[in-house]
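The basis for the numbers below is simple: all heavy atoms, side chains too, and nothing from hydrogens, waters or symmetry mates. We count ligands from 1, going down the list as the structure has it; atoms in each ligand are counted the same way.
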Amino acid sequence: MDITARSPKVMYAGKALQKFDAIIPRVASSGEAAYGAAIVRQFEMMGSYSMNASQAIVRSGDKLRSLQLLSRKNVDLPKTGFAHNLLGKDDVIKLVGGPPLVIKLLQGSQGAGVVLAPTQKAAEAVISAFQQLHANFLVQEFVAEAEGHDIRAFVVGGKVVAAMERSAPPGDFRSNLHRGGSAKKIKLSKHEREVAKAAAKAMNLNIAGVDLIRAKRGPLVLEVNSSPGLEGIENATKVDVAEKIIEFVEKKVA
Ligand code: ADP
Ligand code: MG
């Protein structure tokens with residue numbers, strides 16, 4: 001990238017790219033989000049329309065910040081706490097209602113870094129271990145009644161265009177497809193659709209994969225992904241999600 005030029009440039013294989021009408025960013029949330037978003041910002045400065053804005057991509061790549069933004073917009077979440085040092089350990093365990101509870105590395109994705117602690121002792125042991133490694137993590141209420149299922153709602157331009165239920169493989173509570181989970185098409189309730197749309201809106205994402213879990217007290221948002229995968233949801237629902245995205249972007253540019 002030529003950062004300082006009067007006219008910002010993005011170079012690829014030695015050549016300056018032309019100005020595109022629109023770009024469709026695909027930025028992995030793990031690690032590279034800030035760099036990916038910087039490239040997107042450069043295109044925005046060149047006047048290209050970006051399907052998701054660079055600022056929204058940065059925000060959704062940070063679990064802690066995302067949950068704060070969602071909470072501020074009154075999107076229902078599992079009870080979640082964060083403590084930076086050992087002094088807060090007992091408080092944060094108490095805050096989420098005690099064990100069983102879920103502990104999540106802030107940098108984790110695809111289910112890696114999500115641990116279920118069934119007892120107080122287990123929770124303390126995992127928290128100490130993470131702290132020894134100077135890792136940042138969330139402590140969260142365990143939604144047992146979800147029984148290893150969660151929902152991915154795919155939002156395009158403020159509408160839910162496809163939804164699937166993911167189920168954990170036997171013996172696991174994490175339903176990530178990358179961990180061997182299975183997926184099937186599902187019909188969402190009106191309320192679930194509203195929650196998914198509100199979550200995408202709170203994050204200012206035009207295209208979003210909103211992960212929900214069905215708790216006794218209603219649907220709770222687990223996370224919002226700014227570059228949701230297409231293969232799993234298209235296979236499960238037979239909806240041409242990519243086409244919906246293209247149609248949305250074309251309309252915006254027109
Ligand atoms: P990742 O970013 O690694 O996908 P998630 O927060 O989405 O992390 O958690 C992975 C999976 O673990 C979820 O899809 C869900 O099936 C399960 N899970 C996560 N949090 C909870 C919770 N609080 N209660 C019950 N199950 C959960
Ligand atoms: Mg997830």
Query raised in the report: Would you call E194 and K197 a salt bridge, taking side-chain N to carboxylate O under 4.0 Å as the test?
Result: yes

Query raised in the report: Would D2 and T4 count as a side chain to side chain contact (heavy atoms under 4.5 Å, CB included) if you check the C-alpha gap in whole Å, the side-chain angles of each, and the deciding distance to 0.1 Å?
Result: CA-CA 6 Å; D2 187 344; T4 52; 3.8 Å; yes

Query raised in the report: What is the nearest protein non-hydrogen atom to atom 21 (C) of ligand 1, stated with its residue, atom name and distance?
Result: L222 CD2, 4.0 Å

Query raised in the report: Which residue owns the protein heavy atom closest to atom 4 (O) of ligand 1, what's the atom, and how far is it?
Result: N176 ND2, 2.8 Å

Requested in this report: Under 4.0 Å from a heavy atom of F142: give me the atoms of ligand 1 that qualify, with their elements.
Outcome: 24 (N), 25 (C)

Query raised in the report: Side chain, backbone, both or neither: which part of R174 has a heavy atom under 4.0 Å from ligand 1?
Result: both

Report task. Of the side chain and backbone of Q110, name the one, both, or neither that has a heavy atom under 4.0 Å from an atom of ligand 1. Result -> backbone

Requested in this report: Please could you name the atoms of ligand 1 that K63 approaches to less than 4.0 Å, counting only its heavy atoms?
Outcome: 1 (P), 2 (O), 8 (O)

Report summary line: Note: ligand 1 atoms sitting under 4.0 Å from heavy atoms of G111 are 1 (P), 3 (O), 4 (O)

Requested in this report: Please could you name the atoms of ligand 1 that E223 approaches to less than 4.0 Å, counting only its heavy atoms?
Outcome: 1 (P), 2 (O), 4 (O), 5 (P), 7 (O), 8 (O)

Query - Where ligand 1 meets Q140 - atom numbers and elements under 4.0 angstrom, heavy-atom basis - result: 20 (N), 23 (N)

**Report entry** Considering all heavy atoms, the nearest A162-T237 contact
**Finding:** CB-OG1, 3.9 Å

